[in-house]
Amino acid sequence: MNHNKTKAFFEGNEIKAYNIFGAHVKPKSVEFNVYAPNAEGISVIGSFNNWDDKKNVMKKDDQGIWSCTIRNAKEGDTYRYRVIRKGGEVVDKSDPYAFYSELRPQNASIISSLKFDKWEDKEWMEKRNKGFDSPINIYEMHVGSWKKEGEDFVHYNEIQDELIEHCKKHHFTHVEVMPLSEYPFDGSWGYQSTGYFSSTSRYGTNMELMHFVNALHKAGIGIIMDFVPVHFVRDDFALRLFDGTPLYEYPNDRDANSQWDTLNFDLWKEEVRSFLMSAANFWLDVYHVDGLRMDAISNAIFWHGNKNNGVNEGACNFMKRMNYLLNKEYDGKIMLIAEDSTDFPNVTKSSLDGGLGFDYKWDLGWMNDTLSYLKKDPIYRQWHHNDVTFSMAYFYSEKFILPLSHDEVVHGKATIVDKMWGNYEDKFAQARALYTYMYAHPGKKLNFMGNEIGQLREWDEMKSCDWFLREYPMHDAFEKFFSDLTGIYADNDAFYKDDYSWTSFQWIDADNASQNTFSFVRKGTKKDFVIIINFSTNGYDHQQFGVPVKGVYKEILNTQWDKYNGTWVNAKPQSCHSIRIKRHNMPFMIEVNVPALGATIFEVEKEEE
């Protein structure tokens with residue numbers, strides 16, 4: 001193969017290696033290329049040659065790239081590479097760059113051209129951006145269990161219309177799909193992948209996936225895909241010891257073996273960097289995905305995710321390079337999100353300024369602290385008040401997304417509602433207050449499917465969401481509340497513009513631990529809002545709060561209104577004028593009633609002084 005064509009690949013700067021390697025359909029043939037420098041021999045075997053390894057023997061060039069062109073191969077045919085390792089051992093391998101694959105438990109690659117001429121999202125693609133000053137409300141979903149009937153997975157085209165309607169109803173701006181690259185074990189949810197360029201066959205063809213993305217874009221909804229650049233499955237038909245040597249994994253067991261019984265990518269190796277950067281770009285390029293959420297970044301930053309093991313400088317350099325090149329390719333319009341549980345600095349700082357170059361980072365500290373607080377009996381919460389306020393002490397160090405993700409509703413952790421302290425009614429009351437706090441807190445938002453209906457059963461990838469819960473008054477009311485709350489978030493820039501600037505947020509009283517209350521202001525270009533949250537079982541009448549401006553304060557949401565199945569029956573929205581009396585270091589004061597285990601949002605109509 002021409003050295004000029006592969007130069008960037010071997011330098012670790014290639015983001016379109018899928019145009020070089022894999023099976024490429026030509027007018028009268030299919031061209032196969034695979035990188036395996038240490039193999040003794042490779043043949044293409046497939047349905048087009050009756051799996052005979054003598055018919056289509058590949059030739060190796062001086063770069064370690066094996067090639068061959070097969071005239072009678074065609075789109076839809078299955079194939080593998082039969083690799084002869086040193087010593088004569090023979091193993092059949094799936095194509096690392098396959099564009100489509102058989103449904104598990106089968107694992108042959110499938111020839112696919114990826115030609116799709118039905119894109120209608122040009123306007124969306126031109127207008128999309130990172131959303132720093134926009135409402136970003138992400139709906140995380142596992143495609144296979146959003147709606148499921150029996151043992152079979154539904155296909156993209158069976159859910160897309162209903163999903164779009166659902167997202168619009170709840171003001172979700174983006175769908176984040178758990179990994180769609182091919183994987184062998186359903187229970188890994190896609191986080192242990194084999195086919196980094198192959199869309200999983202569980203939910204339909206790769207063409208159907210393109211239709212799915214196109215439909216979302218036409219409806220004004222973005223799509224983010226989970227991407228796993230840290231580790232891969234051990235299965236011998238995939239990347240492990242691909243040419244008889246650790247071509248993709250670290251060369252020693254200590255570094256190669258991960259905590260998930262998978263193998264860690266050798267992120268110091270230039271060819272591996274090009275492979276993974278190209279895999280990331282593949283979904284952005286071919287499938288028009290709007291962003292990538294990178295999984296297990298802590299395990300890339302530190303060796304085995306342990307700070308005591310030290311920083312993995314090679315992996316950090318890889319992430320800087322990948323994020324820089326992807327941003328350059330898409331003029332800074334795509335979203336790059338890190339799932340990182342560490343306190344490593346500058347994750348969302350530009351790589352040009354020494355950071356890792358991600359746009360956003362999940363705030364797992366906020367999630368852990370907040371849920372830990374709400375699990376506690378309210379009697380003891382006064383001694384854990386800082387669990388709620390601490391997030392604002394570090395919030396401006398990174399660009400954070402507040403996540404209540406799939407990781408929090410599986411494996412005995414209980415669902416979000418069920419984590420709350422107390423009885424059935426108390427749990428829902430606190431969940432409504434939690435979500436008000438979440439959507440009023442600075443930072444973009446992410447919720448896993450089922451959160452919006454107050455699901456009580458932990459997520460199971462083999463079962464559908466419990467949509468029947470809508471028939472029950474508490475869940476029906478909770479979904480109504482969720483839609484109203486997210487509508488307030490989406491319609492008022494006080495809750496999303498300048499999210500990462502001190503100018504948009506101001507504490508009123510962050511220190512009222514004895515009453516378990518928290519109050520703050522969100523400031524917008526046209527309207528300001530006062531948010532009061534009470535995580536105590538006691539309601540407080542005629543409670544006084546300092547406010548920064550003169551005006552009328554009108555209650556636009558109260559989580560205990562009876563329409564949300566709360567305890568304030570037939571209550572009218574509160575409205576009051578500010579009084580020129582100093583409270584909480586502010587020039588004015590309002591006096592309002594605060595619901596027990598509840599939250600309120602007041603819209604400010606400013607008046608001239």
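Residue numbers count from 1 along this sequence.
- S298 is listed as a side-chain neighbour of D340, based on a closest heavy-atom distance under 4.5 Å.
- The only option from Y97, W66, F10 that meets the ring pair (Phe, Tyr, Trp, His ring centres under 6.0 Å) definition with Y35 turns out to be F10.
- Between F48 and F32, the ring planes lie tilted relative to each other; the angle falls in the 30° to 60° range.
- E458 pairs by the side-chain hydrogen bond (donor to acceptor under 3.5 Å, both in side chains) definition with nothing, not counting sequence neighbours.
- At least one side-chain heavy atom of V228 sits under 4.5 Å from a side-chain heavy atom of P179.
- Contact record, D121 with N214: N-OD1, 3.7 Å, taken as the closest heavy-atom pair.
- Defined by atom type and a distance below 3.5 Å, a donor-acceptor pair is present between the side-chain atoms of E461 and W189.
- No side-chain N or O of N299 forms a donor-acceptor pair with one of H231 less than 3.5 Å apart.
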Let's go through W467 and H166 carefully: what are the C-alpha distance in whole Å and the side-chain angles of both, what is the deciding distance for ring pair (Phe, Tyr, Trp, His ring centres under 6.0 Å) to 0.1 Å, and is it a yes or a no? CA-CA 12 Å; W467 301 114; H166 186 77; 5.3 Å; yes
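- Taking the charged nitrogens against the carboxylate oxygens, D290 and K333 have no contact shorter than 4.0 Å, which rules out a salt bridge.
- There is a side-chain donor-acceptor pair under 3.5 Å between S198 and S101.
- No side-chain heavy atom of T262 sits under 4.5 Å from any side-chain heavy atom of F232.
- Contact record, L114 with V286: CD1-CG1, 4.0 Å, taken as the closest heavy-atom pair.
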Tell me, with the steps shown, if L241 and V91 meet side chain to side chain contact (heavy atoms under 4.5 Å, CB included). CA-CA 10 Å; L241 297 174; V91 60; over 6 Å; no
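- No more than 12 heavy atoms of other residues, nucleotides or ligands shown are found within 6.0 angstrom of CD on E123.
- Under the 6.0 Å cut-off for aromatic ring centres, H288 and F116 do not qualify, their centroids lying 6.0 Å or more apart.
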Could you walk me through whether E162 and K147 pass the salt bridge (charged side-chain N to carboxylate O under 4.0 Å, His left out) check? CA-CA 10 Å; E162 189 173 355; K147 281 239 170 167; 2.6 Å; yes
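- Note on residues 68-89: pairs passing salt bridge (Lys or Arg N to Asp or Glu O under 4.0 Å), not counting sequence neighbours, are D53-R82, K74-D77, R82-D92, R85-E89, R85-D236.
- For the pairing with S94, the side chain to side chain contact (heavy atoms under 4.5 Å, CB included) check across T194, I110, N107, D235 returns one residue only, N107.
- Ring orientation note: the planes of H217 and W124 are close to parallel, at an angle under 30° on the 30°/60° scale.
- Between R273 and E11 there is no salt bridge, since no side-chain N of the basic residue sits under 4.0 Å from a carboxylate O of the acidic one.
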Between K413 and D407, does a salt bridge (charged side-chain N to carboxylate O under 4.0 Å, His left out) hold up when you go through it step by step? CA-CA 9 Å; K413 293 182 180 179; D407 276 333; 5.3 Å; no
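- Between F9 and F21, the ring centre distance stays below 6.0 Å.
- Side-chain rings of F197 and F275 approach one another, their centers coming within less than 6.0 Å.
- Remark: the E398 side chain and the T348 side chain contain an N/O donor-acceptor pair separated by less than 3.5 Å.
- Side-chain contact check for I136 versus I138: some heavy-atom pair is nearer than 4.5 Å.
- When all heavy atoms of L352 and Y324 are compared, the closest pair comes out as CD2-CE1, 3.8 Å.
- N312 is not listed as a side-chain neighbour of I301, based on a closest heavy-atom distance of 4.5 Å or more.
- Ring geometry for F153 versus Y203: interplanar angle over 60°, hence perpendicular rather than tilted (30 to 60°).
- Sorted by first and then second residue, the salt bridge (Lys or Arg N to Asp or Glu O under 4.0 Å) pairs involving residues 14-26 (not counting sequence neighbours) are K16-E329.
- Under 3.5 Å, the side chains of N137 and H170 contain no donor-acceptor pair of N or O atoms.
- Side-chain contact check for H304 and Q259: no donor-acceptor pair (N or O, by modelled atom type) lies under 3.5 Å.
- Counting all heavy atoms, side chain and backbone alike, N327 lies closest to K130 at OD1-NZ, 2.7 Å.
- Note that K399 lies in the cation-pi zone of F132, set by a 6.0 Å cut-off to the ring centre and a 45° limit from the axis.
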Yes or no on side chain to side chain contact (heavy atoms under 4.5 Å, CB included) for Y81 and I42, after CA distance, side-chain angles and deciding distance? CA-CA 6 Å; Y81 294 123; I42 303 181; 3.9 Å; yes
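- Taking a cutoff of 4.0 Å between a charged side-chain nitrogen and a carboxylate oxygen, R234 and D261 qualify as a salt bridge.
- Taking 4.5 Å as the limit, every side-chain heavy atom of N264 sits out of range of all side-chain heavy atoms of D255.
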Worked verdict on R293 versus D295 for salt bridge (charged side-chain N to carboxylate O under 4.0 Å, His left out): CA-CA 6 Å; R293 177 266 196 187; D295 186 61; 2.8 Å; yes
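- For the residue pair W283/Y196, the side-chain donor-acceptor check at 3.5 Å is not satisfied.
- Contact of the D266 side chain with the F318 side chain is not registered, since no non-hydrogen atoms from C-beta on lie closer than 4.5 Å.
- Between Y287 and F282, the two ring planes are perpendicular [angle over 60°; tilted spans 30° to 60°].
- Closest approach of F99 to A23, counting heavy atoms only: CE1-O, 3.8 Å.
- In this structure, a donor-acceptor pair under 3.5 Å is present between the side chains of S181 and S193.
- A ring pair (Phe, Tyr, Trp, His ring centres under 6.0 Å) with F448 is found for exactly one of W459, Y139, F172, namely W459.
- The closest side-chain donor-acceptor pair between N323 and S351, if any, does not fall under 3.5 angstrom.
- Donor-acceptor pairing under 3.5 Å is recorded for the side chains of Y18 and D285.
- Counting only N and O atoms by type, the side chains of T6 and Q63 include a donor and acceptor under 3.5 Å apart.
- Considering every non-hydrogen atom in both G22 and D95, the closest pair reads CA-OD2, 3.3 Å.
- Residues V233 and Y183 are not in side-chain contact: their nearest non-hydrogen atoms beyond the backbone lie 4.5 Å or more apart.
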